[in-house]
2 protein chains.
Amino acid sequence: MTTQTTADLLRLHKLRPTRQRVALAALLFDGAPRHVTAETLHGQVKDMGITLSLATIYNTLHQFTKVGLLKEIKGIGDATWFDTNIDQHHHFFDITNDHLIDIPASSITISNLPDSPEGKVIEGIDVIVRLSDKHYSE
Amino acid sequence: MTTQTTADLLRLHKLRPTRQRVALAALLFDGAPRHVTAETLHGQVKDMGITLSLATIYNTLHQFTKVGLLKEIKGIGDATWFDTNIDQHHHFFDITNDHLIDIPASSITISNLPDSPEGKVIEGIDVIVRLSDKHYSE
DNA sequence: CAATTAATTTAAAACCATTCTAAACTACTT
DNA sequence: AAGTAGTTTAGAATGGTTTTAAATTAATTG
C-alpha cells in the first residue's frame with residue numbers, strides 16, 4: 001500500500017494523515033493479517049527506524065479500532081491485542097510463545113447454549129483455544 | 001461450614017489454618033458458588049469487620065488455587081477472577097455489572113474446530129458469552 | 001503563502017491490578 | 001517455654017495503560 005493510499009485511507013476515516021499515523025497504518029494494513037500489542041507494534045516501528053511515543057501507539061490503536069480498522073482483543077495474555085481481522089472470529093492462543101492465530105467464526109459451531117438470563121441478550125461470544133506443544137514422550 | 005471444619009479443610013490441603021485463611025475459606029466455601037476478585041473479596045471481608053491486607057488476599061487466592069480449591073479465570077474484565085466452581089466450565093459475563101455466571105462445559109457443544117497447528121495440542125477451550133441488557137425500543 | 005486555529009504528539013506523571021521485599025508476627029514443634 | 005519455619009504485612013516496585021499539559025504540526029483562512 002503506497003503512502004498516498006495510506007493517507008487516503010486515514011482521511012476516509014476522518015483521521016489526519018500525520019507522519020505517525022501513516023507509518024502505523026502502512027505497517028498494519030499491508031494486506032497481511034496482523035496481531036499486535038502496543039509493545040510489539042512499538043518495537044516493529046522502532047526497527048524501521050521510526051520513533052513514536054508509546055502514548056501515540058496507544059492513541060492510534062484505539063482510534064483505528066474506533067473507526068473499524070482494527071478489532072480489540074482483551075483477555076489474551078497480559079496485554080491488549082489489536083487484530084487487523086475485523087470480522088467476528090475466534091482464536092488459537094499459543095501459550096508457549098504468546099502467538100495468536102485466527103479462527104473464522106464459521107469454522108466453529110457452538111450449539112446448545114443455555115438460555116440467557118431474563119432481560120439479557122448475548123452481545124458476543126469469544127472462544128479462545130489454548131495451545132501448547134505436543135509432547136511425544138509417555 | 002464451621003470454623004472447625006474450615007480449619008480441617010485447610011489442614012487437609014497442607015495449609016496452616018491461620019486467622020486470615022480461616023476467614024477467607026469460611027467466606028468462600030460456604031456451599032454457594034462464588035466468583036471473586038482480590039478487590040471484591042477484600043471488600044466482603046472488610047464488611048465482616050475483618051481487616052486483611054490485600055497482599056494476603058492475593059497470596060491466599062493463589063494458594064487456594066494451587067491446591068485445587070479455586071479456579072483462576074483470567075481475561076474477563078480487568079481483574080483476575082477466582083471461581084469456587086473448579087470443574088471445567090464456561091461463563092456468561094454481564095458487561096453491565098461485571099457479573100459472572102457459570103455455564104457447565106456439558107451445556108455447550110463446540111464442533112468443527114479446525115485442526116491445531118502442527119506439533120501443537122489443545123490445552124483448553126475458554127468460552128465467554130458476553131451479556132448486555134435487552135433493549136425493547138426500536 | 002503567512003497567520004491562525006484545532007488536532008495531534010509527546011514526555012512525564014499518574015493509575016490500577018498485581019507482585020515483591022524484608023521485617024514483624026504466629027502456628028506448630030520440641 | 002523456646003525455637004523455627006511458615007505467614008502476614010506495609011510499603012515499594014512492576015507492567016500495561018491512561019492522563020496531563022505543553023510543544024508541535026496539519027489544515028484552514030485571509
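What you see is a predicted model; the values in this text were computed from it and never measured. Here is the naming used below: chain letters follow the sequence lines, and residue numbers restart at 1 for every chain.
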Protein-nucleic acid N or O pairs under 3.5 Å, nucleotides 23-30 of chain C:
from	atom 1	to	atom 2	distance (Å)
C/dA27	N3	B/Arg16	NH1	3.4

Practice item. May I ask you to decide whether B/Lys120 forms a salt bridge with A/Asp133, counting only side-chain N to carboxylate O separations under 4.0 Å? Key: yes

Could you tell me how far apart [X] ([atom1]) and [N] ([atom2]) are, to the nearest whole angstrom?
X       : N      : atom1 : atom2 : value
A/Glu39 : D/dG15 : CD    : C1'   : 9 Å
B/Leu15 : D/dA5  : CG    : P     : 19 Å
B/Asn59 : D/dT9  : CG    : C1'   : 10 Å
A/Leu54 : D/dG16 : CG    : C1'   : 9 Å
A/Asp78 : C/dA17 : CG    : P     : 15 Å
A/Arg21 : D/dT25 : CZ    : C1'   : 11 Å
B/Tyr58 : D/dA10 : OH    : P     : 15 Å
B/Leu41 : C/dT18 : CG    : C1'   : 15 Å

Check your understanding: At under 4.0 Å, does any side-chain N or O of A/Thr80 touch on OP1 or OP2 of D/dG16?
Key -> no

Review point. Would you say B/Thr56 reaches D/dT8's phosphate, i.e. side-chain N/O to OP1/OP2 under 4.0 Å?
Key: no

Touch check for [X], heavy atoms < 4.0 angstrom, all strands: base, sugar-phosphate only, or nothing?
X       : answer
B/Thr37 : nothing
A/Ala55 : base
B/His62 : sugar-phosphate

Review point. What about the rings of A/His99 and A/Phe92, do their centers lie closer together than 6.0 Å?
Key: no

Check your understanding: Under 6.0 Å between the ring centres of B/His13 and B/Phe64?
Key -> no

Check your understanding: Okay, side chain of A/Thr84, backbone of A/Arg34: is any donor-acceptor separation there less than 3.5 Å?
Key -> yes

Practice item. Please tell me if the side chains of A/Leu41 and A/Leu27 come closer than 4.5 Å, counting only heavy atoms from C-beta onward. Key: yes

Check your understanding: Do A/Leu100 and A/Asp83 come within less than 4.5 Å of each other through their side chains, counting heavy atoms only?
Key -> no

Study note, to complete from the structure: Minimal heavy-atom distance between B/Pro114 and A/Ser107, with the atoms involved, is CD-O, 3.6 Å

Review point. Between B/Lys74 and A/Thr60, which has a closest nucleotide on DNA chain C that is more 5'?
Key: A/Thr60

